[in-house]
Amino acid sequence: MRTHRRTRQATTRTGAALLTAVLLAGCGLLSSEPEPSGTADNRPADAATPAPPTLQDSPGTPRLPAALTSQRLDWKRCTTPHGGNAPGTEWRCARVDVPLDYAEPAGETLSIALIRKEARDRGRRIGSLLFNFGGPGGSGVATLPRAAGQYGTLNSLYDLVSFDPRGVAASSGVRCRSDKEQERAHRTVDLTPDTAAEERAFIADAADFGAGCERRSGEVLPHVGTSNAARDLDLIRQVLGDDKLAYFGFSYGTELGGTYAHLFPHHVGRTVLDAVVDPTADSVGHARNQTRGFQRALGNYLKDRGQDPRTGSERIARLLARIDRSPLPTGSGRELTESLAITGIVTPLYSQSSWPELTAALDEAENNGTGDELLRLADSYNGRDAQGRYDTQSHSQRAISCADSASRPTLDEARALVPEFRRLSPVFGPFLAWDTAGWCAEWPVDGEHETPRTSAPGAGPILVVGTTGDPATPYEGARRMADELGGGVGVLVTNKGEGHGAYGSNDCVTSTIDDYFLAGKVPADGKTCG
């Protein structure tokens with residue numbers, strides 16, 4: 001698990017926060033009931049298919065064959081996803097074929113799962129608005145119907161569309177471990193090792209995870225990186241019949257959006273990046289950013305509780321040390337380990353509305369000596385249901401980020417970071433320092449880059465929204481993304497507040513974004529809300 005890659009929508013309920021929601025496995029199979037009429041872009045069935053664009057934004061991407069760019073989507077009623085509920089009757093699902101390897105565009109293909117809800121005002125419809133809710137590894141097909149209530153204003157003029165990116169859920173989802181193997185790792189592996197034996201077990205488990213991905217998903221594993229997902233976005237744009245991509249990305253979805261803007265600047269339409277990943281940070285830089293970000297959020301939480309942030313943080317660190325020595329019992333018979341406790345503490349910090357859950361969980365652990373609430377929070381983060389079944393988001397998450405990042409810190413390098421990171425946060429620092437080595441240890445696929453390329457000269461204005469108290473993607477990353485996109489492209493909007501993501505939780509930010517998407521109104525660079 002890497003915290004900065006968490007899906008934003010897993011923390012948002014209708015309006016503000018869906019903290020404990022577990023992402024579903026995807027749309028799965030389509031029903032046999034056909035879409036009543038129309039095609040992807042509502043052209044009559046006999047209308048000519050528009051020619052592929054003549055402008056080639058990315059010189060490194062070969063031109064795609066017409067068999068791919070001229071696909072017609074077969075929209076059908078969606079069926080019930082594994083472990084979830086079927087979307088309502090207004091939703092339709094389809095699949096689009098994309099190249100497995102863009103270096104061989106006429107070769108083998110993958111099938112990408114899509115979901116759509118049509119614009120209510122068909123006469124004034126602007127086009128399609130594509131969403132990515134983060135992760136990486138989050139299922140847009142499962143998330144968008146649950147989240148659509150807060151995008152009702154946008155749905156008036158846009159078709160709401162999302163997808164499972166390659167390697168995710170219904171789109172050739174990466175699988176690395178069985179549920180039993182996942183459970184065993186959570187129970188036995190110490191993610192903040194204190195001894196040489198624990199270090200060996202930690203790195204061996206990380207290597208075993210990658211080996212499991214290669215055994216079970218070796219064909220797609222080299223091709224699940226963000227640049228390929230961005231190329232998929234452009235193919236989806238073409239198949240939907242849109243000249244430019246209108247896009248709303250959260251958390252990791254901001255990295256995907258920035259990558260798309262770099263590869264296809266002339267096809268960037270109205271684009272918003274909310275809860276922004278710092279594009280200038282490598283894997284160690286991300287861990288350092290998050291150590292500061294989660295400690296900042298924890299400090300704000302403690303101040304809200306009338307406690308001194310430093311004293312309160314040290315008290316929580318002592319609690320974690322006690323749990324490391326002696327895990328807490330729970331009513332389920334499972335034990336709360338230190339690693340699970342850290343995850344349980346992280347989870348409510350994604351949304352200020354969930355701070356009371358953190359208070360209840362800490363009170364239980366400190367005063368009752370039991371870990372039921374922290375374990376429940378950790379399970380929601382880890383995608384575990386009451387029957388002990390895990391979703392595959394953590395598998396896809398790791399596969400995508402390790403395909404992206406060429407950085408492979410060693411165990412010795414991670415150990416050397418621990419003192420610095422502990423000074424930054426006695427609660428989260430050691431965990432995030434060790435994570436730099438464990439995340440992609442002995443990964444079977446080389447990473448593409450140290451940091452993503454997001455410069456986008458020639459693109460239209462992109463709104464970059466940063467929240468000052470965001471724990472997972474600290475505010476400073478939004479400033480850097482706006483700078484990297486370039487002058488006249490990145491437009492910074494600041495939300496003075498708490499939580500991971502601003503849309504739907506701050507009226508000023510929400511109306512600013514709505515005005516931009518619906519009317520093309522670009523705010524002044526540096527606008528502040530809150």
Side-chain angles (χ1 to χ4, degrees), residues 25-30 40 52-53 56-74 93-115 130 132 135-141 161-176 210-240 245 252 255-256 259-260 262-264 267 392-393 395-406 440 443-449 452:
C27 192
L29 300 176
L30 301 171
Q56 190 75 2
D57 279 303
S58 173
T61 302
R63 189 171 298 280
L64 300 180
L68 293 177
T69 59
S70 300
Q71 294 175 76
R72 291 176 176 270
L73 298 179
D74 185 17
C93 287
R95 306 193 73 91
V96 60
D97 291 334
V98 301
L100 172 66
D101 183 351
Y102 274 89
E104 300 179 6
E108 189 175 351
T109 60
L110 294 174
S111 178
I112 302 296
L114 303 173
I115 193 165
L130 269 77
N132 182 282
S139 167
V141 169
V161 180
S162 195
F163 63 108
D164 288 355
R166 55 173 58 216
V168 175
S171 299
S172 302
V174 172
R175 183 85 189 192
C176 305
C213 295
E214 187 174 33
R215 285 195 307 273
R216 292 174 170 90
S217 304
E219 182 181 19
V220 300
L221 208 60
H223 306 291
V224 297
T226 298
S227 61
N228 281 330
R231 294 181 176 103
D232 293 343
L233 264 180
D234 199 60
L235 180 52
I236 292 169
R237 172 195 65 78
Q238 294 178 63
V239 172
L240 289 172
L245 177 72
Y252 161 78
E255 183 176 325
L256 176 59
T259 300
Y260 180 88
H262 175 75
L263 292 175
F264 303 101
H267 287 298
T392 59
Q393 182 182 343
H395 305 210
S396 303
Q397 180 186 55
R398 204 152 167 175
I400 294 168
S401 56
C402 293
D404 284 347
S405 175
C440 297
W443 196 255
V445 174
D446 291 337
E448 182 178 342
H449 48 60

Taking atom OG of Ser172 and atom CD1 of Ile112, what is their separation to the nearest 0.5 Å? 6.5 Å

Could you pull out the closest heavy-atom pair between Leu68 and Pro105, with the gap in Å? CD1-O, 3.6 Å

Inspect the surroundings of CG in Asp101 and state if more than 12 heavy atoms from other residues, nucleotides or ligands are less than 6.0 Å away. yes

Specify the closest pair of heavy atoms between Ala106 and Pro65, including all atoms of both residues, with the distance to one decimal. CA-CG, 4.4 Å

Verify side chain to side chain contact (heavy atoms under 4.5 Å, CB included) between Leu240 and Leu73, making sure each step is shown before the conclusion. CA-CA 8 Å; Leu240 289 172; Leu73 298 179; 4.0 Å; yes

At their closest point, which heavy atom of Arg95 faces which heavy atom of Ser111, and how far apart are they? NE-OG, 2.6 Å

So, do Ile400 and Val168 sit near enough that their side-chain heavy atoms are less than 4.5 Å apart? yes

Check whether any side-chain heavy atom of Leu245 sits under 4.5 Å from a side-chain heavy atom of Tyr260, and report yes or no. yes

Side-chain donor-acceptor pair present, Asn132, Tyr252, cut-off under 3.5 Å: no

Can you confirm whether Leu235 sits close enough to Asp97 that some side-chain heavy atom of one is under 4.5 Å from a side-chain heavy atom of the other? no

What distance separates Arg237 CZ from Thr69 OG1, expressed to the nearest 0.5 Å? 10.0 Å

All side-chain contact (heavy atoms from CB on, under 4.5 Å) counterparts of Glu448, not counting sequence neighbours: Ser227

Is the shortest side-chain heavy-atom distance between Pro452 and Asp404 below 4.5 Å? no

Asp164 side chain to Ala113 backbone, donor-acceptor under 3.5 Å: no

Inter-residue atom distance Leu114.CG - Leu130.CG, 0.5 Å rounding: 8.0 Å

Nearest 0.5 angstrom please: Asn228 CG to Leu100 CG, how far? 8.5 Å

Name each donor-acceptor pair under 3.5 Å that joins a side chain in residues 216-225 to protein atoms two or more places apart or in another chain, with its distance.
residue : atom : partner : partner atom : Å
Arg216  : NH1  : Cys176  : O            : 2.6
Arg216  : NH2  : Glu181  : OE1          : 3.3
Ser217  : OG   : Arg175  : N            : 3.0
Ser217  : OG   : Arg175  : O            : 3.3

Determine the minimum heavy-atom distance between Leu256 and Ala230, stating which atoms define it. CD1-N, 3.6 Å

NE2 of His395 to SG of Cys213: how many Å apart, nearest 0.5 Å? 7.5 Å

Do the side chains of Arg231 and Asp234 get close enough for a salt bridge, i.e. N-O under 4.0 angstrom? no

Check: Gln397 main-chain N/O paired with Ser401 side-chain donor or acceptor under 3.5 Å: yes

Shortest non-hydrogen pair, Ala94 vs Asp74, comes out as CB-O, 3.8 Å

Taking all non-hydrogen atoms of both residues, which atom of Ser396 and which atom of Ala169 are closest, and how far apart? OG-N, 4.4 Å

